[in-house]
Structures are given as C-alpha cells and as structure tokens.
Amino acid sequence: MSETNFVDFVKICCRSGKGGRGSMHLKRIKYNPYGGPDGGDGGRGGNVYLRGNHNYWTLLHLKYQRHVFAEHGGNGSHDLRHGQDGEDKYIDVPCGTVVYNAETGKYICDVTYDGQVILLVQGGRGGLGNYQFRTSTNQAPRYAQPGEPMRELNVILELKLLADVGLVGFPNAGKSTLLSTVSSAHPKIANYPFTTLEPSLGIVEYRDRQSFVMADIPGIIEGASQGKGLGLRFLRHIERNSLLLFLVPGDTDDIKREYEILLGELKSFNPEMLSKARVLAVTKCDLLDEELIDMLKASIPEDIPIVFISSITGYGITELKDVLWAELNSESNKLQGIMTEESIVHKDKDLKNLPQAIDEEDEEILSEDDLEFFDVD
C-alpha cells in the first residue's frame with residue numbers, strides 16, 4: 001500500500017496563529033506635552049481553513065505535510081499603527097472529505113462541493129493598544145492587552161468517494177472486470193483474492209450521451225465490519241453512493257446466502273446504507289447454460305431487481321445498464337438523495353478501529369486468518 005498514489009486517510013496537526021500584542025506608547029512631541037496614548041492594536045492570528053477542490057481525487061498531497069501552521073499576528077506600534085494580520089492557511093481537499101477530531105473521534109465537518117470553505121481553527125484575536133483604554137479619568141493608560149494564544153487541533157481527514165453506483169461483493173466476484181468492461185477504467189484484475197487494493201472510479205456511458213459514475217472497492221468478507229480483511233477500510237467509500245450494485249458469482253453454492261451476508265455487513269457498518277436502492281447482478285454467467293440459469297432464478301432474492309451478466313462475453317451488460325439507469329432516475333431514489341443531502345448524519349469515529357497504516361505503512365494488510373478464509377497457499 002505504500003507504493004500506491006491513492007491515499008484516503010491522513011492525520012494532520014493544524015495550528016492557528018496567535019494574536020499580536022497591543023502597544024503601550026505615549027505620544028511625545030516637542031511642542032505637544034499632552035500628546036496622550038497612541039499605542040495601536042495587535043493583528044489577529046491567521047486562521048486555518050478547509051477548501052473543497054475538484055482537481056484533487058486523493059489526499060496524497062497531505063500525506064507528507066502533516067503540520068499546517070498559520071502565521072502569527074504582528075504587534076501594534078506607536079502612532080496608532082495596527083499590527084499586521086497573520087496569513088491564513090487553506091487546506092485543499094477533494095470533495096467528499098469528512099473531518100474528525102483525532103483526540104476524541106468527534107465529527108467536525110464535511111466538505112461536499114468544489115469551492116466550499118470551512119473554518120477549521122480560528123486564529124487568536126489581537127490585543128488592544130493603550131489608546132483603546134483612554135478615558136476622561138485615565139488619560140494616560142500605561143497598559144495594553146496581550147494577543148490571544150494560538151489554537152492547535154489534530155484532525156483526521158477521511159475521503160469518501162462520490163459516485164452514483166457502488167459495487168459490493170466478495171473478492172473475485174467480478175467487480176473490477178465489470179468496471180473495466182462498462183467504462184474506460186483499468187483496475188488490476190487477477191485470479192486471487194484482494195486483487196483490488198484501492199478504490200477505482202469509472203464513468204459508464206449510456207444512451208444519448210448520458211453517463212453515470214461507478215465505484216469499485218476491495219472485496220468484502222464476512223466479518224469486514226469488525227475489521228477483518230480490507231472491507232472496514234473501504235466500506236466508507238460506498239456510503240455516499242445513490243445505488244448499491246451487489247455482485248454474486250453464478251457458480252457459488254448459495255446466491256441468496258452470499259447476498260444476505262453482504263447485506264448484514266453493510267448493516268453492521270452503517271444501518272443507514274440499507275435505505276439505498278439495491279440491484280443484484282449474478283456474474284460469470286458464461287459458465288452457465290440457460291437451463292441452469294432458470295434453476296437459479298428460483299433460489300434468488302425477489303425483493304430487488306436481478307440481472308444475469310457476463311463481463312467476458314458481454315451477456316446482460318446492456319440490460320444491466322438499463323436497470324441501473326432506471327433505478328438511479330426513479331422518483332424514490334431522487335427523493336432519498338434529496339433527504340440524504342439535507343440531513344446526512346455522520347457517526348463519530350471509533351478511535352479503536354483507526355487504520356494502522358497511518359503510523360505503520362509497511363505493516364501487512366492481511367492477517368493469516370484472512371488468508372485461511374480463502375484457503376490461499
């Protein structure tokens with residue numbers, strides 16, 4: 001994973017600037033013995049902002065920039081000279097980035113569109129000079145305010161891909177092959193579990209020059225919501241998808257059972273994901289004949305649309321696109337999308353399940369138990 005350019009999880013330290021101190025100065029002019037106070041105010045410290053930028057698709061640019069410090073405010077001076085304000089710092093992040101407090105795991109904010117600016121850490125206010133404290137009874141104050149101190153915040157930036165259709169399935173279910181067939185994406189494809197180690201996005205062309213975005217994530221195994229395999233790390237990438245496409249190979253022993261296992265993992269990870277529209281695709285149908293396909297239709301779930309496909313031969317691909325497009329543009333799915341955008345709820349981060357890749361990038365991704373699950377030698 002250390003060799004990949006896709007980084008979707010970073011921890012950084014943000015620090016705002018401290019405010020400049022006010023000036024304590026009494027005006028002294030040869031022919032004006034009653035010049036009085038003329039100390040200026042200190043400048044404010046710089047703020048730290050988050051800014052959505054559609055030119056970024058990963059957090060790679062922040063991987064080796066773990067500290068973001070804003071500039072301190074300048075001190076006030078005589079002749080009512082105001083201190084210079086500290087320069088603000090902007091952290092450009094891809095759209096779909098969620099921010100959590102690294103110390104408590106509390107949700108802070110969510111960057112959803114290009115150009116969105118969110119104040120992350122506010123700079124210290126500059127102190128007042130002695131000119132601000134003059135009164136009729138205290139015409140020569142000999143004191144001024146210090147600036148407010150800087151603020152520091154450790155945050156976790158977590159990227160959740162924005163896509164219309166998210167692919168959900170066990171390893172080697174044909175997710176990457178399907179994505180390479182219906183789009184111009186070129187994910188790695190091989191005949192062993194966990195070929196896909198990072199999410200991939202592809203634009204699927206439809207009729208009349210219309211299109212939708214499809215996201216492929218690493219395979220999910222039973223127990224992924226508890227941290228087994230790679231599922232826990234990448235399940236968040238399908239939280240924002242409008243529709244979930246479940247892929248189950250046609251040569252599996254029990255299609256309905258595998259679908260229920262995948263559905264249970266999504267429910268354990270985030271119960272709100274069950275409210276999304278769902279479509280089931282039975283893959284690798286080039287290994288089946290028409291008689292066997294008819295037999296399988298009697299033992300598959302009936303509560304969702306089902307399509308039999310083969311990414312190798314192209315069987316059922318056009319029908320699958322039609323079903324996905326119809327579901328994406330259905331009135332119920334549009335209403336659900338509006339409700340999600342207006343009232344999306346982010347759970348606080350469980351700090352016990354933070355990926356170890358932040359501090360130990362060379363750590364092995366899979367444990368021996370995960371490999372035994374697939375009987376991989």
Side-chain angles (χ1 to χ4, degrees), residues 10-56 59-94 97 99-104 106 108-111 113-157:
V10 295
K11 178 180 177 182
I12 63 176
C13 175
C14 302
R15 191 177 71 189
S16 64
K18 63 181 179 181
R21 65 176 182 272
S23 173
M24 197 294 295
H25 188 270
L26 297 176
K27 192 171 185 179
R28 296 180 177 86
I29 301 179
K30 183 176 182 180
Y31 301 105
N32 186 5
Y34 303 104
D38 66 343
D41 302 337
R44 69 162 179 84
N47 302 322
V48 179
Y49 294 95
L50 283 176
R51 181 169 57 191
N53 190 333
H54 67 277
N55 293 318
Y56 289 100
L59 298 173
L60 177 65
H61 61 291
L62 298 175
K63 183 177 181 180
Y64 302 106
Q65 186 184 353
R66 299 298 180 88
H67 299 85
V68 179
F69 296 158
E71 188 179 21
H72 298 314
N75 299 327
S77 185
H78 59 85
D79 294 334
L80 301 180
R81 295 176 182 173
H82 191 283
Q84 183 178 3
D85 292 339
E87 182 181 359
D88 298 330
K89 286 290 186 179
Y90 289 85
I91 305 175
D92 288 326
V93 295
T97 301
V99 185
Y100 299 92
N101 189 316
E103 305 296 335
T104 62
K106 295 291 184 180
I108 297 178
C109 63
D110 184 10
V111 182
Y113 59 89
D114 181 54
Q116 181 181 7
V117 177
I118 299 176
L119 176 62
L120 189 60
V121 188
Q122 186 173 12
R125 184 177 60 87
L128 299 178
N130 65 337
Y131 178 79
Q132 303 288 352
F133 297 102
R134 72 193 189 287
T135 63
S136 59
T137 58
N138 185 15
Q139 299 182 3
R142 287 172 169 80
Y143 51 84
Q145 280 185 339
E148 291 184 351
M150 56 191 175
R151 297 176 176 88
E152 189 171 294
L153 179 65
N154 293 321
V155 297
I156 294 171
L157 302 181

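Just so it is clear, the values below take in all heavy atoms, side chains as well, and ignore hydrogens, waters and symmetry mates. No experiment lies behind these values; they were computed from the predicted model shown. Numbers here simply count residues along the sequence, with the first being 1.
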Give, for atom CG of Asp41 and atom CZ of Arg81, the distance between the pair rounded to the nearest 0.5 Å. 14.5 Å
Roughly how far, to the nearest 0.5 Å, is the CG atom of Asp114 from the CG atom of Asn55? 7.0 Å
Quick check: do Val93 and Asn53 have side-chain heavy atoms less than 4.5 Å from each other? no
Heavy-atom closest contact (Ala140 atom, Pro37 atom, distance): CA-CD, 4.4 Å
For the backbone of Pro141 and the side chain of Asn130, can you confirm whether one donor and one acceptor N or O come within less than 3.5 Å of each other? yes
Decide side chain to side chain donor-acceptor pair (under 3.5 Å) for Tyr100 and Asn154; before the verdict, give the C-alpha distance in whole Å, the side-chain angles of both, and the deciding distance to 0.1 Å. CA-CA 9 Å; Tyr100 299 92; Asn154 293 321; over 6 Å; no
Return the minimal non-hydrogen interatomic distance between Val155 and Cys14, and the atom names on each side. CG2-SG, 4.1 Å
From Arg125 CZ over to Leu128 CG, what is the distance, rounded to the nearest 0.5 angstrom? 5.5 Å
To the nearest 0.5 Å, how far apart are CD in Glu148 and CZ in Arg44? 12.0 Å
Quick one: which of Ile12, Ile156, Leu120 gives a side-chain contact (heavy atoms from CB on, under 4.5 Å) with Val99? Leu120
Between atom CG of Asp38 and atom OH of Tyr131, what is the distance when rounded to the nearest 0.5 Å? 9.5 Å
Measure from the side-chain N and O atoms of Asn47 to the backbone N and O of Gly123, and report whether any donor-acceptor pair falls under 3.5 Å. yes
For His61, ring pair (Phe, Tyr, Trp, His ring centres under 6.0 Å) partners two or more places apart: Tyr56
Drop me the distance from His67's NE2 to Glu152's CD, to the nearest 0.5 angstrom. 8.0 Å
Within 6.0 Å of CD in Gln132, more than 12 heavy atoms from elsewhere: yes
Which heavy atom of Asp110 sits nearest a heavy atom of Ile118, and at what distance? O-CD1, 3.6 Å
Please give me the minimum heavy-atom distance between Arg51 and Val111, naming the atom from each residue. C-CG1, 4.5 Å
Please lay out, stage by stage, how Leu60 and Val10 fare under the test side-chain contact (heavy atoms from CB on, under 4.5 Å). CA-CA 9 Å; Leu60 177 65; Val10 295; over 6 Å; no
Got a list of side-chain donor-acceptor pairs under 3.5 Å for residues 15-22, not counting sequence neighbours?
| residue | atom | partner | partner atom | Å |
| --- | --- | --- | --- | --- |
| Ser16 | OG | Gln122 | O | 3.0 |
| Ser16 | OG | Arg151 | N | 3.0 |
| Ser16 | OG | Arg151 | O | 3.4 |

For Gly127, is there any backbone N or O sitting under 3.5 Å from a side-chain donor or acceptor partner on Gln145? no
For Ala102 and Lys11, which heavy atoms make the closest approach, and how far apart are they? CB-CE, 3.7 Å
Could you pull out all residues at least two apart from His78 that satisfy ring pair (Phe, Tyr, Trp, His ring centres under 6.0 Å)? His25
Check the side chains of Tyr90 and Asp88 for a donor-acceptor pair under 3.5 angstrom, ignoring hydrogens and angles. no
May I have the step-by-step check of side-chain contact (heavy atoms from CB on, under 4.5 Å) for Val117 and Leu50, ending in yes or no? CA-CA 6 Å; Val117 177; Leu50 283 176; over 6 Å; no
